[in-house]
Colleague: 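Sharing a structure, written as C-alpha cells. Questions coming.
Throughout, protein chains are lettered first and strands after them, A, B, ... in sequence-line order, and every chain is numbered starting at 1.
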Amino acid sequence: MSKERIGVYVCHCGSNIAGTVDVAEVSRWAGEALKDRGVVVSRDYKFMCSSLGQELIQKDIQEQGLTRVVVAACSPHLHEQTFRNACKEGGLNPYLCELVSIREQCSWIHPDKAVGTEKAKAIVSGGVEKVIWDEPLEPLRVPINPVTLVVGGGIAGIQAALEVANAGYPVIMVEREPSIGGHMAQFDKTFPTLDCAACILTPRMVEVGSHPNVKLFTYAEVTNVSGYVGNFQVTIKQKARSVDTDLCTGCGICQEKCPKKVIDPVFEAGLGYRKAVYTPFPQAVPKYPVIDRENCTYFLKGTCRACEKFCPTGAIDFTQEDEYFTVDVGQIILATGWDLFDARRIPQYGYGRLANVFTSLEFERLTNAAGPTGGKVVLRDGVTVPKSVAIIHCVGSRDKNYNPYCSAICCMQSLKFAHLVHERTGAEVYNFYIDMRTPAKGYEEFYQRVLEEGTHFIRGKVAEITDAARYPGEEGKLIVQAENTLVGKQMRVPVDMVILSAALEPRHDFKEVARLFGISCSEEGWLIERHPKLDPVATMTEGIYIAGCAQGPKDIPASVAQGAAAAARVVGKIQQKEITMEPIRASINQDKCSGCRICNNMCPFNAISFIEDRMVSEVNPALCQGCGTCVAACPAGAISGTVFSDQAILAQLDGLLLNNLKAIDLTPA
Amino acid sequence: MSTVSVSLTQEGSRKKSFLEEVIEHTPGDCRLSSCIQCGTCGGSCPSGQDMDHTPRAIFAMISAGLKKDVLKSNTPWFCVSCYYCMVRCPQSVHITDIMYTLKRLAIQEKMYDDSKAPDFSKTFIEWVENYGRAFELGLMSMHMIKHNPFGVFKMAGMGMGMISKGRMAFTPTRIKGMDSLKAILNKAKELEAMA
Amino acid sequence: MKYSYFPGCSLERNASAYHVSAMAIAEPLGMEFIEVDDWNCCGATEYISLNLTASYALIARNLAQASKETSTKQLVAPCSACYLNLKKCDAYMKESPSLEEKINTALAAGGLSYKGGTLKVRHLLDVVVNDIGYDAIAAKVTKPLKGLRVAPYYGCMIVRPKLGENGTFDNPEYPTTLDKLLKVLGATVIDFPLKAHCCGGHMTQISESTGFELIRRLIKGATDYKADLIVTLCPMCQLNLDAFQGAMNSHFNTSYHMPVLYFTQMIGLAFGMDAASLGIGTELVDARAALAKIGVEVPEAELVVKKPPKEALPMPSMPEEK
C-alpha cells in the first residue's frame with residue numbers, strides 16, 4: 001500500500017480517445033483496482049486540457065489532499081506543461097504529475113475498443129507506479145548571453161540578423177562564401193512582382209555589413225559548438241583570405257590584373273568566369289576579395305604575384321593562415337540554405353551532354369544584367385538567340401528516384417523564366433509541368449499573365465530530351481519528348497534551348513551541420529523544426545533555431561518570414577534574461593563509475609567530462625538535457641536520470657504488466 | 001462518354017474495384033494506386049503512338065473502373081517490354097508488369113478483339129510446351145499464314161536469307177526432360193487456375 | 001573463372017554467331033562455360049502474357065537445373081531476354097515467399113526445386129567487363145579496331161528494370177560499359193543517344209509498322225552518326241536490326257545499310273581471330289565493307305541451303321523478292 005494519495009484523470013479528447021477506449025471503464029477500473037496503490041480519486045472528463053478539466057485537478061488537490069497526479073491523455077510533448085501548471089496552481093509540486101499517453105500510443109493505433117481499453121488500463125497502471133517514485137523538483141534557471149550567432153548569410157540569415165541587431169542585441173554572422181547574399185544575389189528578377197533581386201537585396205546586405213551590432217565573418221565556417229542554451233561556445237574558422245582587410249580598400253585592381261581566369265562554379269553556377277583573386281560580384285559585402293589558393297598561380301607555381309605588385313595599399317598577404325576564433329553566444333539561428341540538384345543524375349535529360357540544356361541557376365545567371373552575357377538570353381555558343389525554349393518543371397523533385405518532395409518554388413520560377421524568355425527573345429515557350437502550384441499571394445495572377453503572353457503549357461512530365469532526330473524538322477534541335485496528358489498523346493517538341501527547373505536539395509554537408517549543432521534532420525536532410533505547425537523555427541535543441549531553406553524548400557517571402565520569426569524567438573528569450581530549464585538530468589554515482597569513458601563520447605550535448613585525477617566521469621547539469629543516452633550506455637549502471645531512476649522505470653514496467661495488482665510490495669523503501 | 005459510378009452492393013459494402021483486381025493479379029507490390037498521372041510512361045513509350053490509350057490514360061481508366069474499355073484496348077499488346085517507363089516512373093509503379101497483367105486479364109475475359117498478338121504468344125508457347133524450346137521457323141510461318149498471308153511475300157527475302165545463312169532450323173529441338181517439364185507446367189497451370 | 005552457361009533458344013539457331021564467338025573468346029579470357037544441362041526456353045516475353053505461374057515455373061526449371069552444378073553459382077546468359085527472365089524469376093522468388101512456395105510446388109511435380117537467391121544471374125557483358133576487366137582485355141588486343149566507327153547498342157533488358165538490392169550493373173538510361181569495352185578494343189565509339197532504346201522486340205510479328213518504325217529509328221540514328229556498324233549484345237536486337245533491316249527498308253522506301261555485329265565478335269577480331277571462326281558472314285546486312293576498314297577479310301558466305309528434312313513443316317512457297 002502506497003502512502004501517497006493519487007488522483008487519476010482519464011481524458012476523452014472528444015472522440016480521439018473515447019472513440020476506441022472505454023474511458024469511463026478505465027477510470028472506474030483505476031479507482032478500484034489501483035486503490036491499494038494509493039489511488040483515491042479517479043475521473044474521466046471530456047477535455048482534461050480545458051480550464052474546467054484543469055480546475056478539476058486543482059480542486060481535488062485542495063479538497064482531497066492529493067500528493068500525486070496521473071493524467072491519461074495525449075503525448076507529454078503537447079500538454080505536460082499544462083497539467084504541471086494545473087498542479088502548481090493547486091499547490092502541488094509540478095513534477096509530481098505524470099502525463100501518460102493513451103492517445104498516440106493507444107487509441108490512435110488500435111481499432112479494437114476492447115483491446116484499446118485494456119491497454120489504456122495498463123498504461124494508467126504504469127503511470128501510477130511511476131508517479132509514486134517522482135520527487136518534488138525545482139526548475140533550473142540559467143542566465144542567457146544576449147549575443148546571437150547566425151549561420152548563413154542568405155536572405156533568411158540576413159533578415160534574422162537585422163531583426164536581432166535592430167532590437168539592440170549583438171549578432172555574429174558566419175558565411176562560408178567570400179560575400180553574403182546567398183542564392184538571391186544570383187537572380188535577376190524575383191517572382192511574382194519581378195522586382196530586381198539586387199535592388200531589394202543589396203541594401204539589406206549593406207546594412208548587415210555596416211551595422212554596429214553585427215560582427216561579420218565571411219569565408220568562414222563554424223567548426224565546433226559546445227554548451228547549451230544561453231551559454232554556447234562556438235569555434236569559427238576564418239579561412240585565409242590572403243588579403244589584409246585593414247589595408248584593402250576594395251578598389252578591384254587585383255582582380256583586374258590577375259592573369260588567372262577560372263570557371264566560377266558557385267556564384268556564376270558554372271556559366272561564367274572569375275579571377276583567382278575575386279569578389280563574387282560587384283556589390284559583395286564585405287568588399288574585400290579573397291585569393292582562391294587552389295587556382296592562384298602563385299600558390300600553384302610560386303611565381304606571378306601580379307595582384308601584390310599592383311595593389312595600391314599593399315593589402316595582399318600570401319602568408320596569411322587560417323584563424324580560429326572562439327565566441328560565446330546565447331542562441332543560434334541556422335540559415336544554411338540549399339544546394340541545387342545535380343541534373344546530370346537524370347541522364348535522359350542530357351544535361352552535361354547536350355550543350356543547350358541549362359539548369360535553373362544557369363538561366364538565372366543568363367538573364368542577370370551583371371551575368372556572363374550581360375542579361376542576353378542566348379545559347380551556349382554565346383551568340384545565338386533561341387527561337388524556341390522548353391522549360392521543364394519538377395526536375396529531380398516529386399520523383400522517388402531522386403527527391404520525393406515538391407521543391408515549392410519551381411512552378412513560379414518556371415513561370416518567371418517563361419516571362420523572361422518571352423520578353424527578351426520573343427521565342428516560343430513551352431512549359432512542361434505535372435501540376436501547376438501557385439498558392440501564395442499574387443502567384444496565380446502571375447500565372448494568368450504568363451498564360452496571356454502566349455506560353456504553351458503542356459501537362460506532362462518530360463520523358464527524355466534528345467538530339468537524335470527521328471522525323472524531318474528535328475535535325476539540329478533538342479527534341480523534348482513527353483505525353484501531353486490532357487490530350488493523351490505523345491508529343492515531340494523540337495526546341496533550341498531547354499531549361500531544367502532543378503530541385504532544391506539540402507546542403508551536401510547537412511549531416512555534418514546536424515551533428516555539429518546537435519539537431520536532427522529529416523530523411524532527405526532538411527533540418528527538423530520542433531513542431532511542423534506550431535513551432536516552425538525552433539528545434540528540439542533549446543536555443544537553436546532554423547530559418548529559410550535549411551528547414552525545407554521555400555521562396556523568398558517565406559524565407560524572410562522565417563528569418564524574422566526566428567529572430568523574434570531569440571529576442572524574446574534574451575529579454576527574459578534567464579532561461580528556465582527542465583530539471584531532468586543525469587547524474588553519475590562516482591562510487592560505481594569505472595572510468596571507462598563510454599558515456600563521454602555518447603553524450604549528444606557534450607555534457608560529460610572525465611575527471612583525470614579521480615578517474616571518473618562527471619555530468620555537467622547545465623549541459624545535460626536529460627536524454628538518457630548515457631544512462632542506457634553505462635556498463636556499470638552508474639548513471640541514473642532524475643525521475644528516471646532504474647527503480648522508477650522498473651516500477652512503471654511492473655505497472656504496465658499489472659504486476660502491481662499481485663501481492664508484491666513495490667513501494668519505495 | 002458514359003458516366004462512371006462506384007457500385008455498391010445491397011449491404012452498402014463496396015465490390016472489389018477493377019483497380020484492386022489488377023493489383024491483385026500483379027506479382028509483388030506494383031504501386032499502381034500511387035500513380036499521379038504525370039505521363040512519364042506515355043512520354044517514354046517507344047510504341048506509344050500506336051496505342052489506343054497511353055499507359056497513363058489506361059491507369060486513369062483502371063482507377064475509374066472502366067474495365068471493359070481497358071481490356072478491349074490494344075495498349076498492353078503494344079508494350080514492347082523496354083521497361084523505360086518503369087525505371088523513369090517517379091512513383092515507382094511497376095508499369096511493364098501491369099501491362100502483362102492486363103494481357104492475361106484480357107485473354108481470360110476474352111475481351112481483346114484482335115487476336116494477332118495473343119495468338120503469337122500462344123503459338124510461341126505451344127512449341128515450348130511441346131518441345132521445351134522455341135522454334136522460330138515454325139512460329140513465324142504458322143503465325144504469318146494465319147494473320148498476314150500477304151506479309152509472307154514481304155518477309156520472304158528475310159526468311160530465305162536466314163535459311164541460306166544457316167540461321168534457321170527446319171526442325172524444332174526437343175529437350176530430354178520433356179515429361180518432367182510437362183508435369184511442372186501442368187501443376188503450375190493448376191495453381192494459377194486456383195488463384 | 002567458371003560459369004554456368006544458359007545459351008537460350010536464339011543462340012542455338014539464329015544467333016549461333018553470338019554463341020560461336022562467345023565460345024571463341026572464352027578461352028583467351030579465362031572463362032570456363034558449363035552449359036546448363038537440358039535447359040529449356042525461358043518463355044521470352046510471351047508466356048507471362050498468358051499464364052503467370054506457368055511462366056515463372058518454366059524459367060525456374062532452368063534455375064533448378066543450373067543450381068545442380070556444384071562448381072559455380074554464377075549463371076551467365078548472353079541473351080538479354082533470357083538474362084532478365086532468369087534474374088527476375090530469381091529476384092521475385094527471393095522477394096516473395098508465397099511465389100517461391102507456389103513455384104516450388106510446380107517444380108516438385110517434375111522432381112525439382114529452387115531457392116530464390118541461390119544463383120547469381122549475370123549477363124555475358126557484365127562478366128566480361130567486370131570479372132575479366134578492361135585491363136585484361138586490353139592486354140590481349142593484337143589487332144586494334146582502329147578507324148572503325150561503332151555505335152554501341154545495349155537495348156533494354158540488359159539494363160532495365162532495376163531489380164533486387166543490387167539493381168543493374170550499368171546505368172539504366174545511359175549505360176557505358178560497352179562503350180568503354182569498344183574503346184579498349186581500339187574502335188572509335190560514337191556517343192549514341194539511342195543506345196538503350198528499344199529494337200522493337202516481337203513487334204515485327206504483331207504490328208509490322210510499329211516494329212519497323214522502331215528499327216528505323218535505330219538504324220537512322222546510327223547512320224546519322226556515321227557509324228560503320230552497330231555493336232550489340234542481344235540476339236533479339238541483332239535479329240531485328242539485321243534480319244529485318246531489308247524489310248524495314250522496303251517498308252519505308254529507304255536504303256539504309258547498317259551492319260550489326262555482336263560485341264563478342266568485336267573482341268575476337270581485336271584479338272586477331274579469324275572472322276569466319278567468329279561467325280562473321282552470317283549477318284544479313286553485309287559487314288564486309290565496314291570490316292575492310294580495319295583490314296578484316298570475310299570469306300564469301302557459304303550457302304547452306306539444305307534440303308529440308310522430311311519432318312520439316314511446310315514453308316509457304318513464294319516468288320523471290322527482288
Side-chain angles (χ1 to χ4, degrees), chain B residues 27-28 46-47 50 77-78 80-84 86-87 96 100 103-104 107 116-117 120-122 124-125 128 132-134 136 138 140-141 143 145 151-158 161-171 173 175-177 180-181 183-189 191-192, chain C residues 9 12-14 38 40-41 43-54 57-58 61 92 95-96 99 102 105-107 109-111 156 160-162 172 197-198 200-203 205-208 210 214 243-244 246-247 250 282 284 301 303-305 308-309 311-313 315-316 318 321:
Chain B
S47 44
D50 296 324
W77 302 100
F78 275 76
V80 290
S81 304
C82 77
Y83 292 93
Y84 259 124
M86 203 155 141
V87 295
T96 314
Y100 286 130
K103 289 191 205 186
R104 289 193 299 270
I107 291 176
K116 198 171 176 182
F120 180 76
S121 298
K122 283 179 191 158
F124 183 100
I125 288 309
V128 176
R133 299 219 177 138
E136 292 143 351
M140 284 170 77
S141 44
H143 185 67
I145 288 163
V152 167
F153 297 96
K154 220 188 241 173
M155 294 296 186
M158 177 257 179
M162 293 295 279
I163 292 167
S164 71
K165 298 272 183 177
R167 289 175 65 177
M168 238 186 225
F170 290 104
T171 45
T173 313
I175 64 166
K176 288 177 286 171
S180 148
L181 177 61
I184 292 171
L185 296 180
N186 286 337
K187 186 77 198 168
K189 286 178 188 171
L191 292 169
E192 175 88 353
Chain C
C9 304
E12 214 186 3
R13 292 284 157 71
N14 84 61
D38 202 37
N40 55 261
C41 172
T45 53
E46 309 309 326
Y47 215 172
I48 185 118
S49 311
L50 302 173
N51 191 311
L52 181 68
T53 315
L58 183 77
R61 181 180 172 274
Y92 280 5
E95 205 178 284
S96 160
L99 182 73
K102 206 188 239 183
T105 310
L107 287 179
C156 308
R160 289 187 301 272
K162 292 180 247 177
H197 280 232
C198 176
H202 69 192
M203 286 316 276
Q205 306 302 308
I206 310 294
S207 164
E208 246 173 37
T210 309
L214 296 183
F244 285 98
S250 354
T282 60
L284 264 60
L303 290 184
V304 283
V305 186
E311 299 90 333
L313 292 155
M315 263 297 281
M318 60 201 75
E321 206 188 6

Colleague: For B/Thr173, is it the side chain, the backbone, both, or neither that has a heavy atom closer than 4.5 Å to a heavy atom of chain C?
Modeller: both
Colleague: Of all of C/Leu52, C/Thr210, C/Leu284, which one pairs up most often with chain B through heavy atoms under 4.5 Å apart?
Modeller: C/Leu52
Colleague: When you measure from the side chain of C/Arg160 to the backbone of C/Pro172, do you find a donor-acceptor pair of N or O atoms at a distance under 3.5 Å?
Modeller: yes
Colleague: Could you go through B/Ser180 and C/Arg61, starting from their C-alpha distance and side-chain angles, then the distance that decides it, and tell me whether this counts as side-chain contact (heavy atoms from CB on, under 4.5 Å)?
Modeller: CA-CA 9 Å; B/Ser180 148; C/Arg61 181 180 172 274; 4.2 Å; yes
Colleague: Which atom names give the shortest non-hydrogen contact between C/Cys9 and B/Ala134, and what distance separates them?
Modeller: SG-N, 3.2 Å
Colleague: Could you tell me if the side chain of C/Leu58 sits less than 4.5 Å from the side chain of B/Leu185, heavy atoms only?
Modeller: yes
Colleague: Go through the atoms of B/Met162 and report whether side chain, backbone, both or neither lie under 4.5 Å from a heavy atom of chain C.
Modeller: both
Colleague: Is there a side-chain contact between B/Phe124 and C/Cys41 in this structure, where contact means two heavy atoms from C-beta onward sitting under 4.5 Å apart?
Modeller: yes
Colleague: Answer with side chain, backbone, both or neither: which region of C/Tyr47 has an atom nearer than 4.5 Å to a non-hydrogen atom of chain B?
Modeller: both
Colleague: If you measure from CG on C/Leu214 to CE on C/Met203, what distance do you get to the nearest 0.5 Å?
Modeller: 7.5 Å
Colleague: When only pairs under 4.5 Å are counted, which of B/Ser47, B/Gly28, B/Ser81 shares the most heavy-atom pairs with chain C?
Modeller: B/Ser81
Colleague: Of all of C/Thr105, C/Thr45, C/Leu107, C/Leu50, which one pairs up most often with chain B through heavy atoms under 4.5 Å apart?
Modeller: C/Leu50
Colleague: Tell me, side chain or backbone of B/Tyr84 under 4.5 Å from chain C's heavy atoms, or both, or neither?
Modeller: both
Colleague: Please look at B/Ile175 and chain C and tell me whether the side chain, the backbone, both or neither of the residue comes under 4.5 angstrom of a heavy atom of that chain.
Modeller: both
Colleague: If you count heavy-atom pairs within less than 4.5 Å of chain C, which of B/Lys187, B/Met168, B/Arg104, B/Lys189 leads?
Modeller: B/Arg104
Colleague: Less than 4.0 angstrom from a charged side-chain N to a carboxylate O is my criterion; do B/Glu136 and C/Arg13 meet it?
Modeller: no
